[in-house]
Undergrad: 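Once you've had a glance at the structure underneath, I'll fire off some questions.
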Amino acid sequence: MREELQEHTIADPEHIAISKSTGIKIDWRDGHHSDYSLAYLRDECPCATCTGAHGTEPQKASYSKPEPFPMYKPALRMNSVEPVGQYAVRIYWSDGHSTGIYSFDHLRRICPCRACEAQRENGAFR
Ligand SMILES: [Zn+2]
Ligand SMILES: [Zn+2]
């Protein structure tokens with residue numbers, strides 16, 4: 001039962017609730033529920049710049065990590081969220097970043113809930 005689920009994770013959102021100041025919540029069609037904070041989404045930006053996909057140094061954001069030397073940072077917000085076809089959303093961040101296209105597959109893969117986190121640690125998604 002479990003194995004099947006992992007093999008065909010159906011990233012199909014039933015309902016998406018977007019709050020520009022707190023984050024995104026998704027109810028998936030298979031009954032799963034994901035709750036993404038802004039900082040988490042920004043850190044998990046899938047664009048080439050953040051992930052270093054073009055052989056460049058990854059410039060991953062670190063909004064969700066505590067700062068060793070806290071400096072003033074304006075609060076992160078989403079300026080807007082735009083659907084991309086049927087399969088993704090593009091997020092325009094208040095820090096000027098907007099190249100990340102968050103496919104629902106990606107979102108489902110980075111679901112921050114404890115069950116999914118445990119699965120990622122077991123390597124189920126790699
Ligand atoms: Zn990015
Ligand atoms: Zn989850």
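Start at 1 and go down the list; that is how both ligands and their atoms are numbered.
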Undergrad: Using modelled atom types and a 3.5 Å cut-off, is there a donor and acceptor pairing between side-chain atoms of Arg109 and backbone atoms of Ala11?
TA: no

Undergrad: Looking at the Zn ion (ligand 2), is one of the N, O or S atoms of Cys116 less than 2.8 Å from it?
TA: yes

Undergrad: Heavy-atom distance under 4.5 Å between the side chains of Cys45 and Tyr102, does that happen here?
TA: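 Side-chain contact under 4.5 Å: yes.
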
Undergrad: Is the shortest side-chain heavy-atom distance between Arg42 and Cys50 below 4.5 Å?
TA: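 The answer is yes, as the side chains (C-beta and beyond) meet within the 4.5 Å cut-off.
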
Undergrad: Can you give the angle Cys45 SG - the Zn ion (ligand 1) - Cys47 SG, rounded to 10°?
TA: 110°

Undergrad: Any ion pair linking Arg29 and Glu14 (charged N to carboxylate O, less than 4.0 Å)?
TA: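 Salt bridge between Glu14 and Arg29, a charged N being under 4.0 Å from a carboxylate O: yes.
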
Undergrad: Rounded to the nearest 10°, what angle sits at the Zn ion (ligand 2) between NE2 of His32 and SG of Cys113?
TA: 110°

Undergrad: So which of the N, O or S atoms of His97 lies nearest the Zn ion (ligand 1)?
TA: NE2

